[in-house]
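Being a predicted model, the structure only gives us computed values, none of them experimental. Reckoned from all heavy atoms, side chains included, excluding hydrogens, waters and symmetry mates. Order of listing sets the numbers, starting from 1, for every ligand and every atom in it.
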Amino acid sequence: HAKQQGNRYLFFNDTMNRQAVKRLQIENLMRFGLKEDHFCVYYQPKMNTETNELVGMEALVRFITPNKGLISPAQFIPIAEETGQIIEIGEVVLDKACADVKRWLNKGLFSGRVAVNLSAKQFALPDLTARIDAILQKHSLPSYFLELEITEGTVMDDPKEAIAIMKSLSARGIHLAMDDFGTGYSSLAYLKQFPLNTLKVDKAFIDDMSTERGRNMVDSIVTIAHNLDLSVVAEGVEYAEQVHILSELNCETIQGYYYSKPLSAEHFEQFLEKQQGR
Ligand code: C2E
Ligand code: CA
Ligand code: CA
Ligand code: CA
């Protein structure tokens with residue numbers, strides 16, 4: 001019996017060790033990757049359901065290492081959040097997104113907003129707005145072209161403080177979207193106090209639309225959003241049937257594989273050219 005316990009102890013210890021080693025490996029890869037420019041940005045279109053026109057896009061980070069290939073955000077983002085490396089990664093993404101949008105603007109290919117994810121760690125930086133201003137200025141990109149996606153967790157930690165930060169971003173003309181809406185703990189009382197422009201309905205709700213209860217749920221979210229004068233983006237839309245239901249429910253914007261997977265800057269530029277019929 002004692003031996004069994006000993007084994008169990010060893011087993012857990014070993015698993016914990018392997019996890020810690022893996023974490024440390026990714027942390028080191030990220031540190032090296034930041035130096036060597038291994039992070040790039042992909043773009044996923046957001047489409048209007050009525051007109052089939054592009055209304056914007058989301059910038060999504062991609063980490064491509066020479067030896068281990070692509071490492072998915074699900075693997076490295078949580079670790080980057082813990083170590084604080086997400087701050088530097090987030091600024092790389094913002095910098096590259098601003099450069100790309102400026103180029104597409106100059107080419108007459110796009111004049112909408114690019115949405116960039118903002119982590120809780122970035123949101124909590126005392127000089128957040130100064131950092132964002134500096135990047136926009138570096139690319140001579142007016143703040144009008146920027147949208148920031150934040151999650152419920154980020155703002156519900158300290159809602160009063162969050163409102164002040166959001167107001168200072170919003171006052172610059174930056175749009176704000178609540179990401180993964182409905183998955184965290186949000187409060188309707190606060191929702192109307194946040195200076196938001198958009199609610200993004202999480203993929204989990206879109207997946208549930210095969211049932212009547214699921215459809216009613218999305219219907220309710222869209223109605224709440226519209227009552228608060230917010231636009232709605234449905235995330236993770238993959239099927240024509242979902243597009244059909246969403247347009248019936250007056251959800252005006254759709255993002256998902258149905259229209260396009262996230263594309264490299266080069267491929268997204270081709271997507272923009274096609275949109276313009278060039
Ligand atoms: P998110 O912000 O909710 O981004 C949407 C995710 O859903 C993306 O995954 C996107 O590729 C995926 N997606 C879009 N349409 C579909 C679809 O139709 N079906 C399916 N199955 N998936 C779809 P990705 O790029 O792997 O990113 C995962 C998460 O990592 C993001 O979720 C976000 O939380 C985080 N993330 C990505 N880039 C950044 C970044 O630059 N900064 C920060 N802080 N977080 C990021
Ligand atoms: Ca997002
Ligand atoms: Ca999301
Ligand atoms: Ca998500």
Side-chain angles (χ1 to χ4, degrees), residues 26 30 33-34 38-47 49 56-64 69-101 113-125 128 131-132 135 146-155 175-184 186 196-209 221 232-243 246 251 253-265 267-268 271:
I26 292 184
M30 287 192 288
L34 278 165
H38 293 162
F39 291 90
C40 67
V41 183
Y42 274 43
Y43 298 93
Q44 188 176 37
K46 298 183 188 179
M47 307 294 290
T49 44
M57 67 276 204
E58 177 173 3
L60 293 157
V61 69
R62 292 292 177 265
F63 184 22
I64 304 166
L70 185 89
I71 302 178
S72 81
Q75 278 180 284
F76 73 86
I77 294 275
I79 298 170
E81 300 257 11
E82 272 182 50
T83 61
Q85 287 166 306
I86 191 67
I87 293 172
E88 210 179 322
I89 294 170
E91 294 205 348
V92 168
V93 172
L94 184 60
D95 183 60
K96 292 187 187 235
C98 288
D100 286 335
V101 166
R113 289 179 192 266
V114 63
V116 177
N117 292 287
L118 192 72
S119 82
K121 278 265 164 66
Q122 291 175 281
F123 191 78
L125 288 169
L128 171 71
R131 286 171 184 242
I132 293 173
I135 295 174
L146 184 61
E147 175 165 291
L148 295 172
E149 298 193 359
I150 49 186
T151 62
E152 292 163 298
T154 298
V155 290
H175 270 195
L176 298 172
M178 182 70 87
D179 203 357
D180 303 344
F181 181 71
T183 61
S186 50
L196 291 166
N197 303 90
T198 304
L199 279 194
K200 297 193 78 180
V201 184
D202 192 76
K203 182 177 189 297
F205 294 102
I206 306 306
D207 291 341
D208 272 356
M209 289 197 310
I221 296 174
V232 189
V233 178
E235 291 193 272
V237 177
E238 296 179 347
Y239 308 109
E241 180 59 19
Q242 294 173 325
V243 177
L246 286 163
C251 175
T253 311
I254 281 179
Q255 181 184 347
Y257 294 173
Y258 175 75
Y259 283 110
S260 170
K261 291 201 166 181
L263 303 169
S264 67
H267 285 124
F268 190 76
F271 182 92

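- Looking at Asp180 and the Ca ion (ligand 3) together, the shortest N, O or S contact belongs to OD1.
- Around the Ca ion (ligand 2), the angle linking Glu149 (OE1) with Asn117 (OD1) is 90°, rounded to 10 degrees.
- Distance alone, capped at 3.5 Å, is enough to place a donor-acceptor pair between the Lys121 side chain and the Glu81 backbone.
- In Thr151, neither the side chain nor the backbone holds a heavy atom less than 4.0 Å from any atom of ligand 1.
- Between Glu58 and Asn117, some side-chain heavy-atom pair lies under the 4.5 Å cut-off.
- Within the listing of ligand 1, atoms 2 (O), 4 (O) sit less than 4.0 angstrom from a heavy atom of Glu58.
- Residue-ligand proximity, Gly236 to ligand 1, at heavy-atom distances under 4.0 Å covers atoms 15 (N), 16 (C), 17 (C), 18 (O).
- Using the six-membered ring where Trp is involved, Phe63 and Phe39 have ring planes that are parallel, under 30° apart on the 30 and 60° scheme.
- Classification of Lys200 and Glu147 as a salt-bridged pair fails, no side-chain N sitting under 4.0 Å from a carboxylate O.
- The Ca ion (ligand 2) has no N, O or S atom of Glu235 closer than 3.0 Å.
- Contacts with ligand 1 closer than 4.0 Å are made by no heavy atom of Val116, backbone or side chain.
- Proximity of Gln44 to ligand 1, defined as any heavy-atom pair under 4.0 Å, is confined to the side chain (atoms from C-beta onward).
- Heavy-atom separations between Gln255 and ligand 1 are all 4.0 Å or longer.
- Counting atoms of ligand 1 from 1 in the listed order, those under 4.0 Å from a heavy atom of Pro262 are 11 (O).
- As for Asp179, its N/O/S atom nearest the Ca ion (ligand 3) is the one called OD1.
- Summarising the geometry, atom CD1 belonging to Ile79 is positioned 9.0 Å from atom CD belonging to Gln85; distances are rounded to the nearest 0.5 Å.
- Between Ile132 and Leu148 there is a side-chain heavy-atom pair separated by less than 4.5 Å.
- At least one donor-acceptor pair closer than 3.5 Å links the side chain of Gln44 to the backbone N or O of Ser260.
- Summarising the geometry, atom CZ belonging to Phe205 is positioned 4.5 Å from atom CD1 belonging to Ile221; distances are rounded to the nearest 0.5 Å.
- Residues Arg131 and Ile87 have side chains in contact (heavy-atom distance under 4.5 Å, counting atoms from C-beta outward).
- In terms of N/O distances under 3.5 Å, ligand 1 is approached by Asp179.
- Restricting Glu58 to its N, O or S atoms, the one at the least distance from the Ca ion (ligand 2) is OE2.
- Enclosure of atom CD in Glu88 is not indicated, since only 12 or fewer non-hydrogen atoms of other residues, nucleotides or ligands lie within 6.0 angstrom.
- Those atoms of ligand 1 with a heavy atom of Val237 less than 4.0 angstrom away are 18 (O).
- At a heavy-atom distance under 4.0 Å, no atom of Ile89 approaches ligand 1.
- Remark: the backbone N or O of Ala177 is not paired with any side-chain donor or acceptor of Asn197 at under 3.5 angstrom.
- Residue contact check: Glu235 has heavy atoms under 4.0 Å from atoms 3 (O), 5 (C) of ligand 1.
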Next on the checklist: Go through it in stages, so that I can follow the logic: the residues are Leu146 and Val101, the test is side-chain contact (heavy atoms from CB on, under 4.5 Å), and I'd like the CA-CA distance, side-chain angles, deciding distance and then a yes or no.
Outcome noted: CA-CA 9 Å; Leu146 184 61; Val101 166; over 6 Å; no
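- Remark: among candidates Gly256, Pro73, Pro78, Ser72, the nearest residue to atom 29 (C) of ligand 1 is Pro73, based on non-hydrogen atoms.
- The contact set between ligand 1 and Ser119, taken as ligand atoms under 4.0 Å from a residue heavy atom, comprises 44 (N).
- Nearest heavy atoms, Gly236 versus Ile206: O-CG2, 4.2 Å.
- The distance from ligand 1 to the heavy atoms of Asp180 drops below 4.0 Å at these ligand atoms: 3 (O).
- Taking only non-hydrogen atoms, the option from Gln242, Glu238, Gln75 nearest to atom 21 (N) of ligand 1 is Glu238.
- Considering backbone and side-chain N/O of Asn117, one or more are found under 3.5 Å from N/O of ligand 1.
- Short contacts between ligand 1 and Val61, defined as distances under 4.0 Å to a heavy atom of the residue, involve ligand atoms 38 (N), 39 (C), 40 (C), 41 (O).
- Contact analysis puts Arg62 in contact with ligand 1, with a non-hydrogen atom separation below 4.0 angstrom.
- Looking at Thr49, its side chain does come within 3.5 Å of a backbone N or O of Cys251 through a donor-acceptor pair.
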